[in-house]
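What follows is a single structure, written as structure tokens, with notes after it.
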Amino acid sequence: MESPFKGDILKGKVALITGGASGIGFEISTQFGKHGASVALMGRRKQVLDSAVSVLKSLGIPAVAFEGDVRKQEDATRVVQSTFQHFGKIDILVNAAAGNFLVSAEDLSPNGFRTVLDIDSVGTFTMCHEALKYLKKGGQGRNSSTGGAIINISATLHYTANWYQVHVSAAKAAVDATTRNLALEWGTDHDIRVNGIAPGPISGTPGMSKLAPDEVTSKDREERPLYKLGEKWDIAMAALYLVSDAGKFVNGDTLIVDGGLWLSQPRHISKEAVKQVSRSIEKKSRVAPVGVPKSKL
Ligand code: HXC
């Protein structure tokens, strides 16, 4: 799909994207590049990184990749530094690296729980922390009078509760809290805008193949109101909005991009039934003397 944004809205910007070689991260890398940015990708798998970079380069996008695991502080330091050395500055950090698997809480080991928190929550903070000196107003390599921008990819799982996702829900709740707190502190002190995006189910992503595997599809999902799949493009457009000047007054927000899915509940009374009974119930409740039991009305 064509972008509604002008092709130069990120002209001259440099973005570092963790998990930037696959899934939602790769689409963000691609769309940032198509809108003028140079992109650095961070990931654990060399082959995946190499093929992502060659696709980006074939689109004319200045791209480079660095192997690294966001769980390791030394990797975070090295990749942030290498990005700076390669492009001369860093304007945008996107934390898209994440870990997930389906497991009931009963079968989840504390180490499994910790692993996902280490990737999603601690990894996000570590990357923000390492990038601060480049992103902040007046920071290394910055000749503009503003600070940079951060986007943390989150989820909606923790707004309610979700089956077999206690580890990810906890991890993403921490990501959202980190987004808000950094927005407050670094927005105030360093002119850095920190926002999040909470995607719904997005087709063609590693997340979907783990959370809704073909092996156990899809009767339940189809029966949920508002259930539809989003596209990676939807998330990338939200990211473009948030990091570009279009979003210059947005700070500390986590933008939900899920077609309204997280709001959906099974309908417990039909619309017709509501039409029939609602007014008469209301009428009865207005004329009922105080203290008369419901059964006497
Ligand atoms: C139960 C599991 C498990 C499973 C791993 N573990 N897989 N437990 N069920 N299916 C447990 C292990 O037993 C171990 O605990 C601990 O987790 C660490 O496992 P390792 O295999 O040693 O970890 P590692 O090799 O580092 O791999 C991390 C990973 C892996 C998270 C398990 O899946 C990964 O690397 N994922 C990155 C890519 C990814 O998942 N992308 C999808 C993101 S989707 P013990 O106790 O045995 O030592 C996403 C969407 C979120 O984030 C929101 C959706 C709406």
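Both ligands and their constituent atoms are indexed starting at 1 by order of listing. As a basis for the values below, the full set of heavy atoms in this structure was taken, side chains included, without hydrogen atoms, waters or symmetry mates. Positions are given from 1 along the sequence.
For Ser121 (side chain) and Ala171 (main-chain N/O), a donor-acceptor pair under 3.5 Å exists by modelled atom type. Under a 3.5 Å cut-off, the side chain of Asn195 and the backbone N or O of Asp253 do form a donor-acceptor pair. Side-chain N or O atoms of Ser29 include one that pairs as donor or acceptor with a backbone N or O of Gly20 at under 3.5 Å. Without hydrogens or angle criteria, His167 side chain to Phe101 main chain gives a donor-acceptor distance under 3.5 Å.
Of all atoms in ligand 1, numbered sequentially from 1 with element shown, those under 4.0 Å from a heavy atom of Arg71 are 26 (O). In summary, the atoms of ligand 1 found under 4.0 Å from a heavy atom of Gly99, numbered by their order in the structure, are 31 (C), 36 (N), 37 (C), 39 (C), 40 (O). Interface of Ser109 with ligand 1, defined as ligand atoms under 4.0 Å from a residue heavy atom, comprises 15 (O), 45 (P), 46 (O). Per-residue contacts place Val103 under 4.0 angstrom from the following atoms of ligand 1 (heavy atoms of the residue considered): 1 (C), 9 (N). Near Gly207, meaning under 4.0 Å from any of its heavy atoms, are these atoms of ligand 1: 44 (S).
Between Lys172 and ligand 1, a contact under 3.5 Å exists for no N or O pair. Between Asn111 and ligand 1, at least one pair of N/O atoms sits closer than 3.5 Å.
By heavy-atom distance, the residue among Ala98, Ser209, Ala155 lying nearest atom 41 (N) of ligand 1 is Ala98. Counting heavy atoms only, Lys210 comes closest to atom 30 (C) of ligand 1 of the residues Met208, Lys210, Arg114. Between Asp118, Val116, Asn100, it is Asn100 that holds the heavy atom closest to atom 50 (C) of ligand 1. Comparing Arg44, His167, Gln165 by heavy-atom distance to atom 27 (O) of ligand 1, the nearest is Arg44. For atom 16 (C) of ligand 1, the nearest non-hydrogen atom from the set Ala97, Ser104, Gly112 comes from Gly112. Closest heavy-atom approach to atom 3 (C) of ligand 1 within the set Tyr164, Phe101, Trp262: this belongs to Phe101.
Atom 20 (P) of ligand 1 is never approached by the protein to below 4.0 angstrom, counting heavy atoms only. Protein heavy atoms all stay at least 4.0 Å away from atom 12 (C) of ligand 1. Within a 4.0 Å radius of atom 7 (N) of ligand 1, the protein contributes one or more non-hydrogen atoms. For atom 44 (S) of ligand 1, the nearest protein heavy atom is under 4.0 Å away.
Listed by first and then second residue, the ring pair (Phe, Tyr, Trp, His ring centres under 6.0 Å) pairs involving residues 127-158 are Phe84-Tyr134, Phe125-His129 (not counting sequence neighbours).
Classification of Lys137 and Asp189 as a salt-bridged pair fails, no side-chain N sitting under 4.0 Å from a carboxylate O. Salt bridge Asp8/Lys6: absent, no basic N to carboxylate O contact under 4.0 Å. For Lys275 and Glu272, the salt-bridge test passes: some basic side-chain N is under 4.0 Å from an acidic carboxylate O.
The closest side-chain donor-acceptor pair between Gln73 and Glu130 falls under 3.5 angstrom. One side chain, Thr179 or Asn152, offers a donor N or O that lies under 3.5 Å from an acceptor on the other.
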Quick one: side chains of residues 105-116, donor-acceptor pairs under 3.5 Å with protein atoms, not counting sequence neighbours, listed by atom name and distance.
residue : atom : partner : partner atom : Å
Asp107  : OD2  : Ser104  : OG           : 3.2
Ser109  : OG   : Asn111  : N            : 3.4
Ser109  : OG   : Gly112  : N            : 3.0
Asn111  : OD1  : Arg114  : NH1          : 3.3
Thr115  : OG1  : Asn111  : O            : 2.6

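Regarding atom 28 (C) of ligand 1, its nearest protein heavy-atom neighbour is Thr115 CG2, 3.9 Å.
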Could you go step by step and tell me if Gln85 and Gln81 meet the side chain to side chain donor-acceptor pair (under 3.5 Å) rule?
-> CA-CA 6 Å; Gln85 277 159 8; Gln81 252 170 21; 5.0 Å; no

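By the criterion of a heavy-atom distance under 4.0 Å, the side chain of Leu211, and not its backbone, is placed next to ligand 1.
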